[in-house]
Amino acid sequence: MSLHAEIRARFTAPGAEPFVVDAALDADAGETLVVLGPSGSGKTLLLEAVAGFHSCEGRVAVDGRDVSDLPPEARNFGFVFQDYALFPHMTVAENVRFGERYLDDGAEVDARSLLDSLGVADLADRYPPTLSGGERQRVALARSLAVAPDAFLLDEPLSALDAPTRAALRGDLADTLADRTAVYVTHDRTTARALADRVAVMHDGQVVQHGTPDDVFERPASPFVARFTGSNVVAFDAADAGRGSDPVAIRPEHVALVAPGRGDVEGVVERAVREDAAFRVTVALDGPVGAVADGSGRDGDALAADRTLDAFAVDPPAPGDRVGVALPEERLARFDE
Amino acid sequence: MSLHAEIRARFTAPGAEPFVVDAALDADAGETLVVLGPSGSGKTLLLEAVAGFHSCEGRVAVDGRDVSDLPPEARNFGFVFQDYALFPHMTVAENVRFGERYLDDGAEVDARSLLDSLGVADLADRYPPTLSGGERQRVALARSLAVAPDAFLLDEPLSALDAPTRAALRGDLADTLADRTAVYVTHDRTTARALADRVAVMHDGQVVQHGTPDDVFERPASPFVARFTGSNVVAFDAADAGRGSDPVAIRPEHVALVAPGRGDVEGVVERAVREDAAFRVTVALDGPVGAVADGSGRDGDALAADRTLDAFAVDPPAPGDRVGVALPEERLARFDE
Amino acid sequence: TGSGGSADGNNSGQQGTDGGSDADSTTGSAATTESGGSTASDETTGGSGSNELTVFHAGSLAPPFEAAETQFEAEFGAQVAREAKGSVGSTKKITEEGRRASVLGVSDFRLLRDMLLPDYGDWYSVFATNAMTITYTENSTGADEVGPDNWWEVLGRDDVTFAHSDPAVDPNGYRSVMTMKLGAMAFEGETLYDESTADALVEKARIPSGTETELLAQLQTGKLDYAWQYQSAGATRDVQTIDLQPAVDLSQATQQYADHYAQAEVETESGTFTGAPIAYGLTVPSVAPNPELGAQWLEFMLTEPGEQILKDAGFEPVQPAVVPEGAQDAVPERVMENAEARSSLGPLEL
Amino acid sequence: MGTGEARGGETRSVAAGWLGRSSLVLAVLTLHAVAFAVAWLLDATTWYAVFALASAAALGYVASDGPFGAAAAALGAVLLVAVGLPLATFVARQEPSVVAEKALDPEVHRMLYLTVYAPLLAALVTLVFGTPLAYLLSRGFAGDSLVQSLVDLPLVVPHSVAGLLILFGFGQGAAFEFLPVLGTVPGMVLALTFVSAPFAVNVVREGFDAVDRRLEYAARIHGASRWETFRRVDLPLVKRAMLTGGVMAWARSVSEFGAVAVVAYNVEFFYPVAGETVTGQHAPVFIFNTYTSGSLPESSAVGFILLTMSVAIFLLVRWVAGDTSVGVGS
Amino acid sequence: MGTGEARGGETRSVAAGWLGRSSLVLAVLTLHAVAFAVAWLLDATTWYAVFALASAAALGYVASDGPFGAAAAALGAVLLVAVGLPLATFVARQEPSVVAEKALDPEVHRMLYLTVYAPLLAALVTLVFGTPLAYLLSRGFAGDSLVQSLVDLPLVVPHSVAGLLILFGFGQGAAFEFLPVLGTVPGMVLALTFVSAPFAVNVVREGFDAVDRRLEYAARIHGASRWETFRRVDLPLVKRAMLTGGVMAWARSVSEFGAVAVVAYNVEFFYPVAGETVTGQHAPVFIFNTYTSGSLPESSAVGFILLTMSVAIFLLVRWVAGDTSVGVGS
Ligand SMILES: Nc1ncnc2c1ncn2[C@@H]1O[C@H](COP(=O)(O)OP(=O)(O)OP(=O)(O)O)[C@@H](O)[C@H]1O
Ligand SMILES: Nc1ncnc2c1ncn2[C@@H]1O[C@H](COP(=O)(O)OP(=O)(O)OP(=O)(O)O)[C@@H](O)[C@H]1O
Ligand SMILES: [Mg+2]
Ligand SMILES: [Mg+2]
């Protein structure tokens, strides 16, 4: 089942500038579309509009059929709410079975085994208000999985889980979503790369890039996307002939740290921090080379390089060390505009 | 200001087995104690009990002074709630300034600049109900930071943020927490390692390991802690002489992939997935060597190895490739019992 | 008068079936009032042949009517439904609210004469008298000294509170004022007290209620020391009463007393009332759903058993009852048999 | 999640279980009863009022440690005294023999039956038709404040005027001519509905106001139609408010004199105990009649019986409701 | 976050702004007025009732697309008709000249002043003392259901009995001897408080029930004492409920006849317009008296004036409240 949505909606609230969502999403049948975007970029509002909670202009088409005029219950979407929205007056099992009676085929929902697969089988008779954050989230996920809809809309469905549970569920979810259409909002790049068939990056209510994960991560369309997906954005001094003064992007894992004098640029190690599996070395670059402002409101002139620990012959570089930095030409991404 | 807490409390709810929290925490003055633990292990309840929201046995001491009998407002803690608990009838700025009038020194709260430093300056006049998840979380953080308490209790304060924002705030937060005592609940190992002076791992209402990050991550006290902190847990077949049959732990970044026949054990690559900066290769091991059950309810016989991309000479190994796996003896952690 | 009037065919139709009784249904056209429309006609679902008897009556008639109800029901196999309310209110149920009752009893027959006739009734009877009295309890200030000879002095004391009901809306209210005024008016050359005492009493009296029934409650809760009431109240209530002088208690339906009473005039917002003997009126309204049974009730009240009940309840039955001469023809036979037609009662025109 | 529910339940270091609680309640009750009796006999109920305030403050202080608890309890106790003292005095004045006599009177039984039954009908009517109205008012529509005012208007209509309005508004010569209003149960229920509906509608509307709209979204997206959403999500969440509103409407109806005295002074109704249609009166009317034709002790004995029955009903309703609302709140 | 607030505000593709809305309301109002007038003149108000139901259903269908909206509106309209039809009939019966005459009557002005003022005092007393009580009841304590029943009890006390209870309970010969009760403003306020307090307390308690306890935790941990928490978090969050409860208590007091007729038939009060203490009557008493000593048209004209004023007050209160509660709900 393919999903195509164009949404134009304007949201107002006291004390707020109106927030305009004007975005289009595309997911082919069976694809998982991951929506990335900074906090407040309109991911939730977009998803809610697609689900039919807000009246708006534009259209939502499922397999080419326009469902814009259908009420939410007739669109046959699944939805996992960012803040769960569990029914406080029903037990966990009742929550999970909520949609059972509306299933077309009269199928039964096996709440226990669903809950079991999410590791919360013993919560079946509990009421949501006393559940922990991660428990609620899994119940919300189970409730949505139970109705086996045509398309899933998932708003950060794993954010409240600890890493091992998340990793395990991500695997399960990947299997479940494999043959379903899904729009998946997440902040977690690991999840994004692990699940995404396509990625849409949102900024200020608009989709600024829509493509395959490799497209988006390796060939960001703008400095904003580059920064947001974790690339370094570097602008060489115009005077430095042969390179052009346009900013380029490079992912930290492609930046090589070499002996001083042997790289393309060099600088001083600012920080060297273990980031879970990787080791992130931040280098303050010398001279006229600098990272550019990228619209995220933060700029600087430091470059990050990621390494696993044993990539370093002996000890990892320490703050204050002088290092050379190699930026392999084939890994540099240039922006269109 | 040092914090020492011993909590024994029993929580009941309809349909639930009573949940017992019986745990002790220690944070020296200026230290950040990160509390790790699976979803539902009692982290939130423990924090709430320390803050004084639940009557319980045990004691909470600040700088050796027993505050167990003081009401929450007299304990001078900051608290960031996992679900934010913003006041819906106050604007964001009013929320942030909420505690101003109770400050001992009559200091004023500069809500704007606080919000600005968290990247949500333009929300000052908004009301919480229409904020996005990440926006709420930052407002909750600002509200707590505003009262500059003796000790911070933070329940997943960055979980709803996108990666760049989280990384930036984590840096800021590290500065803020540098000279304060803090108890920080998180699921995010990166944050944990970046911020922690000490780590406490919770399981089923109890603290199962309490130590420095290196202790906990490199020298897990039990298979549960090892698994939970991301290590591989391996038990060699007893027949394999010279090694002993006790399970050992090794972190994925210490596992070396070598040519077949040249490692300690070998196997077939099962998956090779890019996980943000790192590249995770999962190897299904041959023969009598197997990973052990670790109490997390999941077991298997696969081993994970993390590499950055360029750690591989040419292409990263692909599923189906046969590889050798080296487990450097000095990186193996053995459990006490 | 009003906008109604559409449904009276319905009304008279129903009344026609009442049959038998005297001249009442001829005025049926008036049954549709400006206020009630014909809501009246659903009053009783039974119609004629029904044994239901609806009685509207003044609150002070409740004790005797309650007693009569039991006997009457036993004797005639009837179902009596009584509704107690102020005299004016009871009358207005019929004249303004379009309600229908087969008997209407009020504490001042002039209400019937002036409000009910001619649209809702053709006649009435005066069947009982009552006397004004002052009630008190043993807790009242001055309870041990007060008596017929010093009541005005006790009432006038600074530490004594006394009250009567609202003269503008309740006959007992204006009658209380009349009584106090009459005390300063010479009867057979004698007065009880002087003009200024009368004025002071009238001035001092509190008016904390709309009907005298509530006064009794206020008296019994100790909020009042003395309350003006009808003599009948003393007979049925747990209160003490003072036997007032006939010259002031409005109980004597003779020419001489009536002339005396007539000197007392009370001005209120709703008009000026002239003193007269307390004469209770009873009638079968022309809109009665069950006039036959209504007449039977009157007959019962005007004959021996009713008179006894009235006496027991502290009333003085008028024997025989009086009906106005002009309306004699309209009076049901069984009532007329126990009444005499007169053109006036003392100075009072009937 | 939108239900004002605290997580983390109760933790009691000293297990003050149900038994401990109820014996405490009993002790406090006894203390107050004795104190009132003494004050009553000494003719010094003022002192009892002072005692009640002080004891409330003390209990508040102990129960929720501190001056806040004491202040809240003391302030609350002022209202309790204003309400409770007249009631206690009333109870103290009862003559047991009269009460016993009235309690055995079949006419009183008939009156009690009607007084429970007709207000119950009115409360049901109010809830059945008022709940959708409350829902719409809570969700808002063009002109909702006008409709809200219309709903509130019966509140200010003087009670006897209310009776006249029903009389003139319905039945013969007015709307729904076929409907006999005067002296019938439908008329009585109409009058009671008129005077009590606003209370129920307002309380239920407040209930709907507190329901998180996101829960409705959640229901819709899982396949529930608007009606199903209303039935399975909104309704259960306002159950408590409906109960409170229903109880208030019922109780308000029980006390109504003015409107009933005009519309249904004597009411014909089917009395199952007798197995036939009888004529009876609504409690306030009955009490008024007992008073006008009888005595104060008699009528207040009837009033006392009415109050006793009402307290029993209140406790029963809250007990049943408390039992079923487990998990949602309470 | 515990306020039943939907995120995502309104999105209106066709900007049906305030103007569009209010002209729609006006159109519907006019239509109904005309329909009622026609039905009234044809003496067929039943048809108007049918029309009202149908139009409500149609509007419900259009406004919130579908049978659910239609059904909800139709059901709600049944109650509106039950309440509105008698009121409309009442309004239609008014004689404009009598209304005008009464509207200019200074005695009526005095009555209106008293009728706004004393119930206002009662509502304030109720809120001041009832809110802490509601808070305690909502948070629960040992024996709370008994206290709740005590609070509910005045609801079922027949109105004239309520007056007696106040007389027996307070003032000379009872508690607080120094307090003159009969015919005074304090006595009247006591009586009104007695009959109206339960409504306010119940509504406010429902409000407190809906406040998320976690918000109290949040306030406490940021330094607010229990009292400050109550003041800055709980109170603002139940503001709407307090308003509703207060309005209900006020309105209930305005309509009280029975208790007032016994306790404060004629009331002495300070009348600022005249600058002196005058004697006046509460509206229901005044209307009843006008009826008894005058005529039905006169008294209903006074009733009509009372209703008009009340509607104005309702709309004013909701308008002011709507303005200040911006952002919290509505
Ligand atoms: N009714 C409204 N009126 C105006 N602005 C609104 C309204 N509702 C939400 N917003 C704003 O719109 C923006 C997008 O909100 P949304 O919840 O879609 O963000 P998000 O991308 O889901 O962010 P997060 O990752 O933090 O959840 C936010 O800045 C939010 O404050
Ligand atoms: N009142 C209660 N009665 C019984 N069990 C409870 C109660 N409140 C919470 N629990 C349970 O206690 C466990 C711990 O809850 P807690 O919220 O502390 O978890 P957590 O460690 O914070 O998890 P998460 O990371 O998912 O937020 C959970 O399993 C929860 O369901
Ligand atoms: Mg979001
Ligand atoms: Mg938690």
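Naming convention: chains lettered A, B, ... in sequence-line order (proteins, then strands); numbering from 1 in each chain.
Under a 4.0 Å N-O distance rule, the pair D:D234/D:R205 does not qualify as a salt bridge.
Using a 4.5 Å cut-off between heavy atoms, A:S144 touches chain D through backbone and side chain atoms alike. At a 4.5 Å heavy-atom cutoff, the contact between A:F79 and chain D is made by backbone and side-chain atoms alike. For a residue to count as touching a neighbouring chain, one of its non-hydrogen atoms must lie under 4.5 Å from one of that chain's; by this rule A:R143 touches chain D with backbone and side chain alike.
The salt bridge (Lys or Arg N to Asp or Glu O under 4.0 Å) search around A:E100 returns none, not counting sequence neighbours. For A:D188, the salt bridge (Lys or Arg N to Asp or Glu O under 4.0 Å) partners are A:R166, A:R170, not counting sequence neighbours.
Highest contact tally toward chain D, considering only A:G99, A:A146, A:A140, A:P72, is held by A:P72 [criterion: heavy-atom pairs under 4.5 Å].
Ring-centre distance between A:F19 and A:F11: not below the 6.0 Å cut-off.
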